[in-house]
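Below you'll find the structure, written out as structure tokens, and then a few comments.
Chain A is the first sequence line, chain B the second, and so forth, proteins listed ahead of strands; every chain is numbered from 1. Side chains are part of it too, since the values below use all heavy atoms of this structure and drop only hydrogens, waters and symmetry mates.
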Amino acid sequence: MDSLIDVVLFAFLIVVALAVARGRDLFAGAMLFGMFSLLSAGLFLIMDAADVAFTEAAVGAGVSTVLLVAALSLIGTEERARRRSNFLPLAIVVVTGASLIWGTFDLPPFGDPANPPNHHVVPRYLEKSGEEIGIPNVVASVLASYRGFDTFGEVVVIFAAGVGVMLLLGGRKRHRQRKERGL
Amino acid sequence: MNLLGHYNYIVVVVLMMLGFYTVIARDNLVKKLIGLGIFQVSVFMLYISIGYVSGGSVPILTEGVTLYSNPLPHVLILTAIVVGVATLALGLALVVRIREAFGTVEEDEIRLKEDAEG
């Protein structure tokens, strides 16, 4: 049953991604991107990644769409038709995709507990985090404690992005007022 | 190799390439950012697929459950999702400024205007 949902969700995702690649309306593109995020959140839930699923649904489908729509209100939603030919990008994409698919043949089979990524440090997290950190959610334990520095780095990145956005957009109003006063 | 066992990986690559195509084939900068977002979410799916254990359960410790999915990719992707939104916000802010400076968000028109200005 899970694999059926998996197949269907992936089919939907391909349809949405195709619609984004072909469509001309940016507002529709923003909405389709929200749909893409929400469908992928469903997929994450099927693959037992509950924390990732609700973060993707809230942040990916929610915040990203709001940001896109807000930006489109300043930019406008029409996209001009392309004048150059699509042949070169298509060729690049096909060659890259084919080599990547060739690369996936060496990946371990989907869902096998004996896969290499499931060994090394992961069993220790699963066995010890309950007593060491004291909360049942292993993802939260790893995120906030074992790999706390990663999360700190993430916060620094968000801070830097926030400062960047404020510097890029914050000065606009003052600039415009100065222009109106003829300075 | 068996095809069904690699279904997820192959579809992820297809989605990734659709995002990549949107980035390189479209001139509109907002569309490029959306394509980049699709590429990014496909990478997330690849990671989560690798961490999936069939028959396993969500990595929240429960009495009587012994097999869990791999929590480590989940942690990495949680970080990546939030960073992805930060980069999207910064990219959109840049596009808004470009629109103010050039009056357009189409890459080739921007290039023409830059050339005209010398």
Side-chain angles (χ1 to χ4, degrees), chain A residues 10 13-14 17-18 20-21 26 29 33 36-37 40 43-44 47-52 55-56 59-60 63-64 67 71 74-75 79-80 82 86 89 93 96-97 100-101 104-105 107 109-111 113 117-118 122 125-126 130 136-139 142-143 147 150 154 157-158 161 164-165 168-169, chain B residues 1-2 5-6 8-11 13-15 17-22 24-25 27-28 30-31 34 37-38 41 45 48-54 56-61 67-72 74-75 77-79 81-83 85-90 92-97 99 105-106:
Chain A
F10 265 129
L13 282 169
I14 288 182
L18 268 175
V20 170
L26 289 177
F33 183 58
F36 190 86
S37 290
S40 64
L43 203 63
F44 293 148
M47 292 193 276
D48 291 338
D51 301 77
V52 183
T55 309
E56 179 68 39
V59 177
V63 178
S64 294
L67 286 174
L74 296 171
I75 295 166
E79 184 183 1
R80 198 185 28 73
R82 183 185 164 83
N86 281 332
V93 163
T96 317
L100 281 176
I101 286 177
T104 63
F105 291 166
L107 283 175
F110 177 65
N118 301 335
V122 171
Y125 286 156
L126 288 171
N137 189 336
V138 184
V139 175
V142 178
L143 186 78
R147 299 191 71 93
D150 278 12
E154 171 198 336
V157 169
I158 296 164
V165 171
L168 280 167
L169 299 183
Chain B
M1 58 132 279
N2 94 56
H6 283 71
N8 272 31
Y9 304 143
I10 292 168
V11 178
V13 170
V14 172
L15 289 173
M17 287 306 113
L18 282 169
F20 185 36
Y21 177 81
T22 313
I24 61 175
D27 282 324
N28 189 292
V30 179
K31 208 52 172 284
I34 294 176
I38 287 183
V41 176
M45 286 179 223
I48 301 296
S49 300
I50 287 175
Y52 176 72
V53 173
S54 49
S57 108
V58 179
I60 294 172
L61 301 174
L67 192 61
Y68 297 102
S69 279
N70 189 342
L72 199 53
H74 300 184
V75 174
I77 296 313
L78 274 180
T79 309
I81 289 174
V82 178
V83 169
V85 171
T87 51
L88 178 74
L90 194 62
L92 286 172
L94 278 170
V95 175
V96 169
R97 288 288 295 125
R99 157 92 187 182
V105 290
E106 304 285 339

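Put simply, the side chain of B:Lys31 never gets that close to the backbone of A:Gly29: no donor and acceptor are under 3.5 Å apart.
Distance CD1/B:Ile81 to CD/A:Glu154: 10.0 Å, rounded to 0.5 Å. Taking NE2 of B:His74 as the start and CZ of A:Phe44 as the end, the distance is 9.5 Å to the nearest 0.5 Å. In this structure, OG1 in A:Thr55 is found 11.0 Å from CD1 in B:Ile77, a value given to the nearest 0.5 Å. Note that CD of A:Glu56 is 10.0 Å distant from CG of B:Leu78, once rounded to the nearest 0.5 Å. Taking OH of A:Tyr125 as the start and CG of B:Leu72 as the end, the distance is 5.5 Å to the nearest 0.5 Å. For the atom pair A:Leu26 CG and B:Asn28 CG, the distance stands at 4.5 Å (nearest 0.5 Å).
Both the backbone and the side chain of B:Val53 come within contact range of chain A, with heavy atoms under 4.5 Å apart. Interface remark: B:Val105 contributes side-chain atoms only to the contact with chain A (heavy atom separation under 4.5 Å). Only the backbone of B:Ser57 comes within contact range of chain A, judged by heavy atoms closer than 4.5 Å. Looking at A:Leu43, the atoms closer than 4.5 Å to chain B (heavy atoms on both sides) all sit in the side chain, from C-beta outward. At a 4.5 Å heavy-atom cutoff, the contact between A:Val59 and chain B is made by backbone and side-chain atoms alike.
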> Run the side chain to side chain contact (heavy atoms under 4.5 Å, CB included) check on A:Val138 and B:Ile60 step by step: do they pass?
Replying inline: CA-CA 6 Å; A:Val138 184; B:Ile60 294 172; over 6 Å; no

> A:Ile14 and B:Leu15: side chain to side chain contact (heavy atoms under 4.5 Å, CB included), yes or no, with the steps?
Replying inline: CA-CA 6 Å; A:Ile14 288 182; B:Leu15 289 173; 3.8 Å; yes

> Step by step, would you call B:Ser69 with A:Met47 a side chain to side chain contact (heavy atoms under 4.5 Å, CB included)?
Replying inline: CA-CA 8 Å; B:Ser69 279; A:Met47 292 193 276; over 6 Å; no

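For B:Arg97 against A:Leu168, the heavy-atom pair with the smallest separation is CD-O, 3.0 Å. Minimum interatomic distance between A:Leu67 and B:Val85 (heavy atoms only, all atoms of both residues): CD1-CG1, 3.9 Å. When all heavy atoms of B:Leu92 and A:Ala71 are compared, the pair lying nearest together is CD2-CB, 3.7 Å. The shortest non-hydrogen separation linking B:Tyr9 to A:Phe110 is OH-CA, 3.9 Å. Closest approach of B:Met45 and A:Ser40 over heavy atoms only: CE-CB, 3.6 Å. B:Gly37 approaches A:Phe33 most closely through the heavy-atom pair C-CE1, 3.5 Å.
In terms of heavy-atom pairs under 4.5 angstrom with chain B, the leader among A:Gly60, A:Ala161, A:Ala21, A:Ala50 is A:Ala21. Heavy-atom pairs under 4.5 Å with chain B were tallied for A:Leu18, A:Leu100, A:Leu107; the largest tally goes to A:Leu107. In terms of heavy-atom pairs under 4.5 Å with chain A, the best-connected choice from B:Leu88, B:Thr87, B:Leu67 is B:Leu88. Of the residues considered (B:Ile38, B:Val14, B:Val30), B:Ile38 shows the highest number of contacts with chain A, using heavy-atom pairs under 4.5 Å. Options A:Val63, A:Leu126, A:Val157, A:Asp51 differ in how many heavy-atom pairs under 4.5 Å they form with chain B, and the most are formed by A:Leu126. Your options are A:Leu143, A:Ile158, A:Val165, A:Ile75, and the one with the most heavy-atom pairs under 4.5 Å with chain B is A:Ile75. Considering only heavy-atom pairs separated by less than 4.5 Å from chain A, the leading option among B:Thr22, B:Val41, B:Thr79 is B:Thr79.
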